[in-house]
Amino acid sequence: MHKYRTHNCDELRTADAGKLVKLSGWVFRKRDHGSLLFFDLRDHYGMTQIVIRPDQSYFEECQKLKLESVITVTGMVEVRTPDTINPEVKTGEIEIVAQEIIFDSVAEQIPFQVSGDDDTSEELRLKYRFLDLRREKLHSNIMLRTRVISEIRKIMIDQNGFNEFQTPILTSSSPEGARDYLVPSRVHPGKFYALPQSPQQFKQLLMLAGFDKYFQIASCFRDEDARADRSPGEHSQLDIEMSFVEPDDIFKVVESVLHQIFTKFGSWKVDGIPFKRIKYSDSMLMYGSDKPDLRNPIIMSDATEIFRTSGFKAFKSLVEKGAVVRAIPVRQIASKSRSFFDKLVEYAISLGAKGLAYLVWENGEVKGPIAKFLSKDELASIAAQCALQDGDVVFLLCDNVKLVNRVSGDIRIKLGRDLDILEKDVYRFCWIVDFPMYEFDEESQTVIFSHNPFSMPQGGIEALNTMNPVDIKAFQYDVVCNGCEVGSGAIRNHKPEIMYKAFDLAGYKQEDVDGKFPALINAFKLGAPPHGGIAPGIDRIVMLLANVDNIREVIAFPMNQKAQDLLMGAPGDVTLKQLRELHIKINLPEKPKILPTETAPSPVAS
């Protein structure tokens with residue numbers, strides 16, 4: 001007989017009754033009935049009930065045993081009586097009557113219970129992440145992630161003919177949108193490697209090397225703040241690149257992967273393919289976001305022209321100065337209390353809006369704070385544009401277009417959530433296309449890249465030479481699911497003259513491009529195929545499939561929101577010897593001094 005097990009804890013059934021078996025696992029639960037002791041023994045696969053009789057020499061030791069101790073049990077499989085069957089577990093019709101127990105690892109008192117989802121702080125969970133990972137839901141999430149990645153590889157290789165590559169982790173620093181994680185070089189004092197924010201340049205170089213179809217499950221490193229759908233420090237992505245392609249070719253591959261993955265591993269209805277395509281400008285107008293949640297039925301519209309000549313001077317004067325008016329129609333909420341509307345106005349103001357107007361269609365009349373300032377024709381125009389009926393309400397926001405997009409999009413999300421009007425149990429996918437190549441940065445008063453700087457501008461070199469930069473569109477696209485940006489990509493620029501000009505418009509000189517991207521720009525001069533790609537996020541895909549709100553629930557060993565690994569104690573101190581080898585001297589910022597008028601905290605409690 002095997003030293004540890006003949007079966008796993010999810011394997012035995014009534015057909016195995018009478019067999020002498022051996023199981024190993026963790027003591028998940030204990031029930032002491034005095035005359036009998038019951039253990040729920042858990043391993044990776046499942047759970048089996050163990051019965052320990054008081055005449056056994058190890059009975060008292062088992063009574064004292066702490067939960068999560070590891071034991072090996074040899075015993076006989078017996079069928080449970082009908083009144084003791086547990087239909088909640090697959091092995092619930094049998095139990096093992098112990099004949100021998102070996103105590104492989106006796107646990108101390110665990111810092112939190114593994115058997116339930118209690119209110120344990122995230123800090124404690126991350127400090128003891130290996131213990132947290134034993135919990136059923138989290139364990140299931142990580143196994144879901146494993147199966148998803150395995151299936152993605154099959155789809156990419158077997159169905160789409162891709163080849164899997166690995167690219168370097170130690171590389172050079174380049175301006176890709178976030179801060180780099182830097183690694184000092186011992187061999188080259190004063191110089192640094194950078195961990196890759198993405199394999200962007202390497203995957204393009206593989207296309208230039210003639211490999212045609214590339215993918216990898218890539219680890220990417222970005223020194224950026226955490227969000228619910230973004231883990232600080234590191235994330236994983238399905239990195240894809242293809243040669244001689246148009247956007248439709250990339251869309252087809254990604255749709256094939258996502259549709260199959262969400263159909264196989266999700267429990268909700270999945271949009272058919274091809275996914276809906278929405279222009280960036282339309283998405284910002286209708287949804288106030290470039291990652292719209294299409295489960296939300298609220299579709300906004302532009303009401304600027306209606307208010308350009310209206311009697312409502314507050315909006316009219318702003319429109320004359322270049323402001324826009326966004327209409328946010330909501331069905332059948334006219335009966336909501338005044339406090340509902342007041343709270344939404346307060347919420348809009350908290351987001352930076354000057355206010356939020358609204359009109360209510362109720363019992364054949366139009367009511368609301370601004371109704372008296374609008375003519376019947378203007379009210380009729382608003383009703384027609386928003387397809388309003390009796391019982392409907394329209395909210396109106398007027399300001400500069402950036403603020404209106406941001407605030408209206410946030411209000412749309414809030415209304416969808418608070419009114420519980422999101423479509424249930426569906427994955428709604430879409431492509432956002434035709435992103436602007438550039439945007440004007442108010443803070444620096446300069447033109448900057450709005451998305452990926454390596455993208456091909458629509459119209460090529462002629463557009464760069466003749467058009468206002470902020471009007472130039474790029475061959476850039478995002479794939480979105482239920483309000484979450486799943487992946488972002490582009491058809492790449494592969495011509496040196498276009499790359500130089502594109503960066504010139506964003507304030508970079510030719511020598512800047514040559515210095516920052518020497519490999520890529522040189523490769524473009526030696527025969528570069530047209531190519532493009534995308535990088536759907538693995539973490540976000542699994543997060544959507546697992547239906548969790550926090551991305552850390554689908555990552556085995558995540559950092560906390562402050563980019564700390566509480567389990568391993570990273571980032572941590574290093575020795576003076578290590579610093580000297582790297583020719584590095586620590587120069588920490590000074591601690592704030594206590595002013596004479598302030599009282600220093602007493603070291604002794606009074």
Side-chain angles (χ1 to χ4, degrees), residues 278-290 292-293 296-331 333-334 336 338-362 365-389 392-419 436 439-443 470-471:
I278 305 169
K279 292 182 179 180
Y280 170 85
S281 57
D282 291 338
S283 183
M284 297 306 294
L285 171 62
M286 295 189 296
Y287 310 113
S289 172
D290 59 3
D293 189 343
N296 188 333
I298 298 173
I299 299 178
M300 303 184 294
S301 63
D302 179 44
T304 306
E305 292 308 312
I306 295 173
F307 285 89
R308 189 177 297 280
T309 57
S310 79
F312 185 43
K313 294 182 180 179
F315 276 18
K316 180 182 178 182
S317 61
L318 288 173
V319 169
E320 288 173 350
K321 297 175 183 177
V324 298
V325 180
R326 189 68 42 88
I328 311 169
V330 188
R331 308 301 171 197
I333 63 165
K336 289 289 183 182
R338 176 63 183 268
S339 65
F340 171 85
F341 294 96
D342 290 344
K343 287 177 181 177
L344 196 62
V345 173
E346 291 173 6
Y347 180 73
I349 293 171
S350 74
L351 297 175
K354 297 180 179 68
L356 181 67
Y358 60 90
L359 295 166
V360 180
W361 270 254
E362 188 174 27
E365 296 182 319
V366 183
K367 304 174 184 177
I370 70 167
K372 62 185 177 182
F373 299 108
L374 300 172
S375 68
K376 289 184 178 180
D377 288 344
E378 289 163 349
L379 292 172
S381 295
I382 294 171
Q385 180 170 308
C386 299
L388 298 173
Q389 297 178 354
D392 294 346
V393 173
V394 64
F395 297 93
L396 297 155
L397 188 66
C398 181
D399 214 307
N400 68 75
V401 68
K402 281 191 174 181
L403 185 141
V404 165
N405 285 340
R406 176 175 59 81
V407 175
S408 65
D410 208 318
I411 289 172
R412 177 179 178 270
I413 292 171
K414 179 176 173 59
L415 286 167
R417 181 179 62 246
D418 292 353
L419 297 172
E439 63 185 69
F440 186 76
D441 182 54
E442 296 290 344
E443 185 175 339
V470 296
D471 294 331

**Request:** Starting from the C-alpha separation in whole Å, work towards a yes-or-no answer on side chain to side chain contact (heavy atoms under 4.5 Å, CB included) for L419 and K336.
**Result:** CA-CA 11 Å; L419 297 172; K336 289 289 183 182; 3.7 Å; yes
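- Proximity of a side-chain donor or acceptor of R412 to a complementary backbone N or O of N296 within less than 3.5 Å is detected.
- Listed here is the closest heavy atom pair of V407 and A353: CG1-CB, 4.2 Å.
- In this structure, CG in D410 is found 10.0 Å from CG in L415, a value given to the nearest 0.5 Å.
- Taking the side chain as every heavy atom from C-beta outward, L374 and I382 approach each other to under 4.5 Å.
- No hydrogens or angles considered: a donor-acceptor pair under 3.5 Å links the side chains of D302 and T304.
- S310 places no side-chain N or O within 3.5 Å of a backbone atom of I306 that could act as its donor or acceptor partner.
- Shortest non-hydrogen contact noted between Q385 and S301 is NE2-OG, 3.0 Å.
- Using cut-offs of 30° and 60° on the angle between ring planes, the pair F307 and F312 is perpendicular.
- Checking side-chain atoms of S350 against main-chain N and O of Y347 turns up a donor-acceptor pair under 3.5 Å.
- The side-chain heavy atoms of L388 and R331, taken from C-beta on, include a pair separated by under 4.5 Å.
- Taking both residues in full, the closest heavy atoms of F315 and A357 are given as CZ-CB, 4.0 Å, listed atom of the first, atom of the second, then distance.
- In this structure, CD1 on I278 lies 4.5 Å from OH on Y287, to the nearest 0.5 angstrom.
- Enclosure of atom CD in Q389 is not indicated, since only 12 or fewer non-hydrogen atoms of other residues, nucleotides or ligands lie within 6.0 angstrom.
- R308 has a carboxylate O that lies under 4.0 Å from a charged side-chain N of E305, or vice versa, which qualifies the two as a salt bridge.
- Taking each heavy atom of A334 and W361 in turn, the nearest pair found is CB-O, 3.9 Å.
- Here the closest non-hydrogen pair linking P329 and A327 is CD-O, 3.4 Å.
- Considering CE of M284 and OG of S289, their distance stands at 6.5 Å, rounded to 0.5 Å.
- Of the residues listed (D392, V394, I298), the one engaging V330 in a side chain to side chain contact (heavy atoms under 4.5 Å, CB included) is I298, and it is the only one.
- Taken to the nearest 0.5 Å, the CG atom of L403 stands 7.0 Å off from the NZ atom of K354.
- We find the CG-CG distance between L359 and L379 to be 6.0 Å, quoted to the nearest 0.5 Å.
- Listed for the R326 side chain is no donor-acceptor partner under 3.5 Å among the backbone atoms of G409.
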**Prompt:** Step by step, would you call D399 with L318 a side chain to side chain contact (heavy atoms under 4.5 Å, CB included)?
**Reply:** CA-CA 7 Å; D399 214 307; L318 288 173; 5.9 Å; no
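- By the 4.5 Å heavy-atom criterion applied to side chains, I411 and F395 are not counted as neighbours.
- Considering L396, I413, L397 in turn, L397 is the only one that fulfils the side chain to side chain contact (heavy atoms under 4.5 Å, CB included) rule with S408.
- The environment of K343 atom NZ is sparse: at most 12 non-hydrogen atoms of other residues, nucleotides or ligands sit within 6.0 angstrom.
- Taking CG from L356 and CD1 from I328, the interatomic distance works out to 6.0 Å, rounded to the nearest 0.5 Å.
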